[in-house]
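So that the names make sense, note that chain A is the first sequence line, chain B the second, and so on, each numbered from 1. Just so you know, these numbers use all the heavy atoms, side chains as well, and skip hydrogens, waters and symmetry mates.
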Amino acid sequence: MKIYNTLSRKIEEIKTLENGVVKIYTCGPTVYNYVHIGNLRTFIFEDFLEKTFKFLGYKVIRVMNITDVGHLTSDADEGEDKIEIGAQREGKNAWDIASFYTNAFIENMKELNCDIPKILPKATDHIKEMIDLIKKLEEKGYTYKTSDGIYYDTSKFKDYHKLMGESHIKGIKEGARIEFNKEKKNPTDFALWKFSPKDKKRQMEWDSPWGVGFPGWHIECSAMSMKYLGETLDIHCGGIDHIQVHHTNEIAQSEGATGKPFVNYWAHAEFLVLSQNEKMSKSTGNFITLKSLKDRGFSPLHYRYFCSQAHYRKQLEFSFEALESAKNGYNHLKNSIAELMEGANQNDIADCDKKSNYYIDFVEAISNDLNIPRTLAVVWEVIRDKKLKNIEKLSLIKKFDEVLSLDLLKKDEIIIPGDILELAKKRDEFKKTKDFKKADGIREILKQKGYIIEDTLKGPRIKKL
RNA sequence: GGCGCGGUAGCCAAGUGGUAAGGCCGCGGUCUGCAAAACCGCUAUACGUCGGUUCGAUUCCGACCCGCGCCUCCA
């Protein structure tokens with residue numbers, strides 16, 4: 001298994017710490033609002049990664065955090081964080097907001113056929129671990145206090161910029177904009193613990209050795225990843241935007257505290273970008289959710305298929321036109337497979353032939369920096385192959401779907417209401433008496449009611465529009 | 001201003017130092033009472049521009065143009 005490592009800027013063969021086991025930490029959502037389809041692209045990438053390891057025989061231990069506290073809206077803001085703003089917006093308390101959007105997130109993941117990591121720690125459940133970690137950093141001299149919190153002195157950590165590469169350092173210094181916090185010693189210093197504002201009671205705040213307050217924006221990932229995966233882990237994933245700040249700070253915190261390498265491989269997913277208009281941003285409220293896709297007639301798996309068509313390290317341009325073509329492609333694929341399954345018993349689909357060139361191509365593709373688009377081409381090639389038997393094709397596709405998770409062999413069972421069945425029956429009778437005008441009339445009525453009728457060798461088949 | 005990424009047929013998008021996957025769209029055919037679905041076939045002389053290295057570059061190097069991202073919370 002090879003993957004691009006942001007740390008080395010090279011595609012590397014993965015060597016896990018423990019043979020046959022891979023420990024993965026994936027940055028999860030901040031639950032103050034719905035996740036958007038850009039977030040979802042990253043989570044789908046991580047799901048492909050996890051399933052690829054499983055496909056290749058690894059045991060995967062994966063952690064995904066739920067950030068339910070602490071992320072400030074910006075450096076300039078005093079004390080306000082997104083969860084509390086969300087609470088104000090919706091007239092609920094902060095805890096309810098976090099819980100509501102956590103559930104919504106999990107629901108989205110399920111709909112997209114993404115496995116929910118078994119270890120899904122919430123930041124608010126790990127305040128103690130964070131405090132302990134900050135204490136360790138304090139002991140080692142990495143911290144200093146300002147009027148509003150405990151900060152990390154990034155000048156004390158040797159390789160602070162290692163994730164970004166040497167060339168970034170210059171840019172950060174020169175490109176640094178307005179410095180919001182004058183008490184910070186270096187522009188890149190960041191808060192480990194923030195004090196609650198003196199005049200205001202926060203909904204979420206905790207006691208600490210430094211005073212009542214709440215954790216900084218980065219400490220939770222260091223604390224929770226090391227708690228569940230150990231001081232060094234194999235792979236850490238996230239969106240590409242996290243490289244410069246969040247992940248860089250995680251390294252500084254974790255390695256500063258332990259003196260050991262924190263992560264061996266960093267894997268980052270590129271952005272989903274909108275072809276026109278502004279960018280999608282959760283904090284500005286300008287974003288598309290899975291629900292809005294569904295409202296426009298797309299299924300979650302249409303979106304998963306859409307994402308599967310592009311490599312995770314390349315920006316993917318989102319447009320409804322492009323999604324429409326993915327939808328057509330996906331439906332076509334499912335229909336083709338449904339035809340292959342006609343007459344075949346699902347139980348007869350045995351293990352696939354691992355010596356098949358298609359199987360070899362598939363493994364080659366997923367193992368080579370997760371080339372999912374290539375695997376889709378393999379699936380199409382299998383379907384179009386003139387020599388393979390249907391059952392052989394299905395066994396390959398079934399195996400491939402362990403990674404793709406597109407429900408390729410799943411029959412869409414839909415419940416047809418009685419009145420629709422009644423109409424279909426009538427149409428069939430008209431057809432038999434060759435009264436095609438009336439038969440077509442009924443077909444038109446059914447269409448208006450949202451159902452399509454297709455005549456097959458085995459009789460009519462009703463589908464939802 | 002700094003850093004980074006990309007520009008492949010009408011659209012989305014893989015990939016490669018020796019002339020380029022796949023999907024969508026379009027067209028024709030088989031099937032059908034007609035459709036639909038599926039299948040078969042076809043299609044566009046596709047690799048931003050200009051140089052360089054090379055026997056040979058879309059693939060490597062340089063410059064330029066264009067688009068995008070990050071640099072402030074953000075997948």
Side-chain angles (χ1 to χ4, degrees), chain A residues 26-30 32 35-46 70-77 80-82 85 164-165 167-178 180 187 217 237-246 268-275 279-284 287 305-306 308-311 313-319 321-333 335-340 342 361 365 368 371-381 383-384 386 431 434-437 439-440 443 447 452-457 460-461 463:
Chain A
T26 48
C27 282
T30 306
Y32 64 95
V35 292
H36 59 62
I37 58 174
N39 299 313
L40 259 12
R41 182 191 186 196
T42 298
F43 299 139
I44 290 170
F45 148 68
E46 291 162 354
H71 277 216
L72 299 181
T73 47
S74 85
D75 251 351
D77 283 319
E80 271 190 317
D81 78 26
K82 291 172 176 175
I85 283 177
M164 305 181 236
S167 54
H168 284 247
I169 303 167
K170 212 176 113 210
I172 284 212
K173 282 180 185 161
E174 290 175 3
R177 293 193 186 170
I178 315 141
F180 296 119
W217 334 316
C237 302
I240 197 160
D241 54 322
H242 279 331
I243 295 173
Q244 298 195 52
V245 179
H246 183 56
H268 292 101
E270 252 293 358
F271 266 33
L272 178 82
V273 296
L274 298 177
S275 42
K279 70 172 202 159
M280 217 176 323
S281 166
K282 213 164 152 181
S283 52
T284 61
F287 59 86
Y305 185 86
F306 173 75
S308 309
Q309 288 180 305
H311 188 88
R313 272 197 302 118
K314 263 196 164 180
Q315 286 182 358
L316 173 58
E317 278 200 28
F318 178 85
S319 68
E321 190 192 357
L323 184 61
E324 183 72 32
S325 93
K327 176 184 176 175
N328 290 340
Y330 178 74
N331 289 157
H332 185 182
L333 188 59
N335 283 333
S336 303
I337 292 168
E339 296 282 333
L340 292 177
E342 284 293 322
D361 283 353
N368 188 16
N371 192 340
I372 299 297
R374 170 73 194 130
T375 68
L376 245 33
V378 175
V379 171
W380 281 104
E381 284 161 15
I383 288 175
R384 299 273 154 82
K386 285 169 184 164
K431 263 190 70 183
K434 299 206 187 290
D435 193 346
F436 297 122
K437 259 193 177 168
D440 289 352
R443 189 163 63 191
K447 199 175 172 187
I452 278 185
I453 197 153
E454 294 170 356
D455 294 323
T456 71
L457 289 174
R461 177 201 292 154
K463 279 187 183 171

**Q** Looking at Lys314(A), does any N or O in its side chain come under 4.0 Å of the phosphate oxygens OP1/OP2 on G7(B)?
**A** yes
**Q** Starting at atom OH of Tyr305(A), determine the distance to atom P of C12(B), rounded to an integer number of angstrom.
**A** 16 Å
**Q** Checking base pairs now: Watson-Crick or wobble, both atom distances under 3.5 Å. What partners G6(B)?
**A** C66(B)
**Q** Check every strand shown and say whether Ala269(A) touches a base, only sugar-phosphate, or nothing at a heavy-atom separation below 4.0 Å.
**A** nothing
**Q** Heavy atoms under 4.0 Å, any strand shown: does Asn335(A) hit a base, just sugar-phosphate, or nothing?
**A** sugar-phosphate
**Q** Taking atom types as they are modelled, would you say the side chain of Arg443(A) forms a donor-acceptor pair with the base of A35(B) within the 3.5 Å cutoff?
**A** yes
**Q** At under 4.0 Å between heavy atoms, what does Glu324(A) touch on the DNA or RNA strands: base, sugar-phosphate, or nothing?
**A** nothing
**Q** Report the base-pairing partner of A21(B) (Watson-Crick or G-U wobble, both distances below 3.5 angstrom), or none.
**A** none
**Q** For a quick check, tell me whether the side chain of Asp440(A) and the base of G33(B) share a donor-acceptor pair closer than 3.5 Å.
**A** yes
**Q** Looking at Asp241(A) and C71(B), is any side-chain donor or acceptor paired with a base atom of the opposite kind under 3.5 Å?
**A** no
**Q** Taking any heavy-atom pair under 4.0 Å as a contact, classify Ile453(A): base, sugar-phosphate, or nothing.
**A** base
**Q** Identify whether any heavy atom of Lys447(A) sits under 4.0 Å from a base atom; if not, whether one sits that close to sugar-phosphate; answer base, sugar-phosphate or nothing.
**A** nothing
**Q** Within the structure shown, what part of the strands sits under 4.0 Å from His268(A) by heavy-atom distance: base, sugar-phosphate, or nothing?
**A** nothing
**Q** Under 3.5 Å, is there an N or O donor on one side and an acceptor on the other linking the side chain of Arg384(A) and the base of C40(B)?
**A** no
**Q** Does His332(A) have a side-chain nitrogen or oxygen under 4.0 Å from the phosphate oxygens OP1 or OP2 of C24(B)?
**A** yes
**Q** Could you please name the partner base of U53(B), counting Watson-Crick and G-U wobble pairs only when both distances are under 3.5 Å?
**A** none
